[in-house]
Every structure is written in C-alpha cells, then in structure tokens.
2 protein chains.
Amino acid sequence: MTAVLVIEDDDRIRLALLLALEEEGYTAYGAASAEEGLRRHQQTPADNILVDLMLPGLDGFECIRQLRRDDDVPIVVVSARDDTHDIVAALEAGADDYLVKPVAIKELTARLRALRRRARAGTAVSVQVFGDLEVSAEAGEVRLDGRPVAVTRTEFRLLCELALHAGKVLSRQQLLQRVWGYDTGDERLVDVHVGRLRQKIERDPTNPRHLVTLRGLGYKLQR
Amino acid sequence: MTAVLVIEDDDRIRLALLLALEEEGYTAYGAASAEEGLRRHQQTPADNILVDLMLPGLDGFECIRQLRRDDDVPIVVVSARDDTHDIVAALEAGADDYLVKPVAIKELTARLRALRRRARAGTAVSVQVFGDLEVSAEAGEVRLDGRPVAVTRTEFRLLCELALHAGKVLSRQQLLQRVWGYDTGDERLVDVHVGRLRQKIERDPTNPRHLVTLRGLGYKLQR
DNA sequence: CAGGTTCATGACAGTTGTGTGACAAAACCG
DNA sequence: CGGTTTTGTCACACAACTGTCATGAACCTG
C-alpha cells in the first residue's frame, strides 16, 4: 500500500485530494501547514508527498528544502501558480514534479506511479506478490515461501502474462497469442504448461489456489 | 556534458529546441522520426530524450515503449496535446515527464535537472559489493575475497554492465548491444565471455553463485 | 445417469539452449 | 618486429525444454 502525505492549507482542496487518492487505492493523510507536514512525515514516512507552495508560516519552497535535507522521498508540488519562475524554483529546491491546479486525479496518480518507478529504479527489483508466491519479471525469478523456484522460460512467460492481468481470466487463445505468439494452435498446449507450472508454484498442485481453472473460460492467477 | 536527443518531426520546433538547449550548455541533437531517434540512441546513447507524440510512422507512445524495453534513460514528452488521456498513456508507456507546447526552456531544463538528479540517485555507487565479490567501475578493479583479480577489458565491461543492473536479468541481445555495441551478432559470444569471467570471479565456476544463467532469458549478477 | 465436453497428467521423441575446448585472427607491447 | 594476450568463431556434447498424443478423470446438460 502506498502512503501519500498531502500538505495543503485549503481544507476543501486537501480533503478533495485525500478522497480522490483513497478512491485510487492509496493511503492518504493530510497536513494543513508545512510544520505539521514535516512532523507527520518524520513520525510516519510517506512514500510520496504532495505539497502546495503557498502555505501559512513556512512556505512550500522551504518545506521542500527541509524535507530534502534528509530524505529522498518523491515530492510533487501542486500549486495554483502557473509561473515558470515558481516551477523552476520548486524543482531547484528539490521537488520532482510540479502540477498546476486544478489537477486531474488520473494525471496525478500516473505521475506518482512514474515517479515511484523512477525512484525505485536501480535500487530494488519490482516484485508481484500473491500470498506465498512472488513473481519478479525483471529478476527472472519466482519464489514460493521465499524460496526460489526453477521455472522454464515458457512457464515464466506464462506466469508473467497471468500475473500482469492478476485476477482476470485469460482464455487459452489469448495465452497462446501472447505467450507463444501463435495466432492459431492447439489449446491443449496451454493446459500442459499450466499443469507443469502448478507442479512448481502450488503447495498442492491438485488443488490450485493461485493458478485456477475457469472451466470453459480459461485460467487466472489470483492473490 | 549532458547529451539530449530531441525526437520531433516539425523542423522549426526541433531546431528551436536544439538551439535553446545548446544555449543552456547541453549537447543536443535531433531526429525527425521515431525510427531515426531509436537508431541514433542505439548508436550513441543520450542522457535525456525529448519526444513528441505525433510522429510520422511509429508514434511517440510506441517509441517510448521501444526505448524502455532495454533502457531507462529519462524520457520527457513534449507535445501539443493537453489531454489527460494522452498524459496518462505516455507516462504509462514509460515516460518520466510530460510538457505541453509551447514549453518554457527554463522549465524544461529545470525538469531535466530534477530528472537526472532522481535517475542518478542509487546508481552512482562506484564500488559494488556482491558478497565476496567487489566491482569498482572507477578504479577498474575487481576483487574476490579482497584479492585483486585480473580481468580483460571486455570481461570488465561485461561485469560492470551486469553490476549496474544487479539482480536483473539481461538478455544476450542487451549485453551484445551495451557491452559490444553490436546491433546484431552471434549471441554465443556472450556465453564464451561469461564462461571466461566465471573462471575468474567464481569460487566454483561450474556452480556459479554470482553470475547465474537464466535459461532462455539471459544472465544476471546477484548478491 | 448417459453422453458429450472439458480438463489434468504421464510418457516420449524431437528440438533448443548452454558450457566448453580448440583455434585463428587481431590487438597489444616491449 | 616477434612474442604474448585477448578476442571472436566454431563444433560438439550434454542437459533441459517443448509440443504432441493418449488416457482417464471431472464436469456439465438434458
């Protein structure tokens, strides 16, 4: 779960942002001043910080500088001022992005995602977790209970494809198409590989909990 | 010196951007289509890429996806379209930022700086440690158990490339591309050099613990 | 419950991927 | 220049993987 701290003095805007972010699946909490924001972040560090520029007391620029003194958290400025000087100054102070109000929530979350992807790059590898099962596309690794599991290339591609659409059914046709690149072919092939994959990633392969069959529809991977 | 590649089909805009960037102290060069841009970046990788969305042939989104397939250079979209859908789609495709034309050059460069600051964080470590193995890119040195190991230039480049993306799989294609600069070539070449490298940096070369093979995927270096 | 459909699985032969040693060309260097 | 190191190519052997098929179980449907 991604936690976002919103530092904004206007109650209406702050609440609107918090609601919209929660709607999108974030854990969001607010602060009405820079001082309060700094304090809250020190207590429970957020994964992202949104900050307004015009704040009572300590202003946004100073707030960013103080945050940056000992933290590398992605900071996005959300300001009413659409002025190159402000934008440049905010970025120079250490912000990562600058949006002008009113912001489209979809754009905001897309930018937060892009920023987190960038902040993560180089440090850790991204991992998808399904209970006791972990899949990391970039590390080319599958783990069950934290222990690495050896899977073959096709099994891995198949698993990644299913993980990419976690929770959604994929028909054998779709899988043949996306994993094998076959426009046509024997759908049984998919069964065989699903079977082999189950042997490796399910505690009880005859009673799959992750990679389940939806009779007549296809397969899906669930959490 | 920072090199920026500008992919933009409108000659006037491209030239204006190139001039403005040079004015600001960047080395800037352009491409009038996605295909040309991809080719130029492959030959001489840029530190930043600016890309338009509406391009003849391959469009901007596809261009970004192709760049992202094997590179995480900071990408900024510069587009005339101010539409949330486009912005979200571009960021999802892998862009880091999105600016709407006409852009203020000062804002553009400030955003480029912010982006590079972010992209550098984490990667700038000059000595990387993988258990008993140490790789120092700057010193051009490799140590096993603290003892220096003599590796050849290509072996060293190969090792650095793998260390730079520690924990992530790199395909033989990517390695050929990045270590040798070959756009095409015999992938077995990589095997041979990996084999030679293992002889030097692995305690038990037949049972590699650091430089491991991921059948069908490529190689990776792990801690 | 009979008949048809859909799915799981084990076996097998053909194919592919990888490690390695040998060798010649190229680069390097006193 | 002549010797040494490095590099890239090749061929071969072996292990691992893939796709097909046959069989039987599980599941629907009327």
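Residue numbers start from 1 in every chain, and the chains themselves are labelled A, B, ... in the order their sequence lines are given, proteins ahead of strands.
For B:Y182 and D:dG8, the shortest distance from a side-chain N or O to OP1 or OP2 is below 4.0 Å. Between C:dG19 and B:T206, no contact under 4.0 Å exists linking OP1 or OP2 to a side-chain N or O. Proximity of B:R188 to the phosphate of D:dC10: no side-chain N or O atom is located under 4.0 Å from OP1 or OP2. The phosphate of C:dA8 has OP1 or OP2 within less than 4.0 Å of a side-chain N or O from A:R198. One finds a side-chain N or O of A:T213 lying less than 4.0 angstrom from the OP1 or OP2 phosphate oxygen of C:dA8. The side chain of A:Y219 contributes no N or O atom lying less than 4.0 Å from OP1 or OP2 of C:dT6. The phosphate of D:dG19 (OP1 or OP2) has a side-chain N or O of A:W180 nearer than 4.0 angstrom.
At a cut-off of 3.5 angstrom, counting only N and O atoms as typed in the model, there is no donor on one side facing an acceptor on the other between the side-chain of A:R196 and the base of C:dG10. Put simply, the side chain of A:R215 and the base of C:dT6 share a donor and an acceptor less than 3.5 Å apart.
Computed from coordinates, the A:L217 CG to C:dT5 C1' distance equals 14 Å when rounded to whole Å. Here the P atom of nucleotide D:dT5 and the NZ atom of B:K200 are 11 Å apart, to the nearest Å. Residue B:E187 contributes atom CD, which lies 15 Å from atom C1' of D:dG8 at whole-angstrom precision. Whole-Å rounding puts the A:R157 CZ to D:dC17 C1' distance at 12 Å.
Residues A:V76 and A:N48 form no side-chain contact, since every pair of their non-hydrogen atoms from C-beta on lies 4.5 Å or further apart. Taking 4.5 Å as the limit, every side-chain heavy atom of A:Y29 sits out of range of all side-chain heavy atoms of A:V6.
Nucleic acid contact for B:G185: none, since no nucleic acid atom lies under 4.0 Å from a heavy atom of the residue.
Along DNA chain C, the nucleotide nearest to A:H193 and the one nearest to B:R153 differ in position, and the one closer to the 5' end is contacted by A:H193. Annotation: of the two residues near DNA chain C, B:V192 and A:Q199, the 5′-most nearest-nucleotide partner is A:Q199.
What you find for B:I64 and B:A95 is that their closest heavy atoms are CG2-N, 3.7 Å. When every heavy atom of B:G30 is checked against every heavy atom of B:R40, the shortest pair comes out as O-NH1, 3.0 Å. The nearest pair of heavy atoms linking A:S136 to A:V127 is CB-CG2, 4.0 Å.
Of the candidate nucleotides C:dA8, D:dT20, D:dT9, D:dT20 has the atom lying nearest to any side-chain atom of A:D186.
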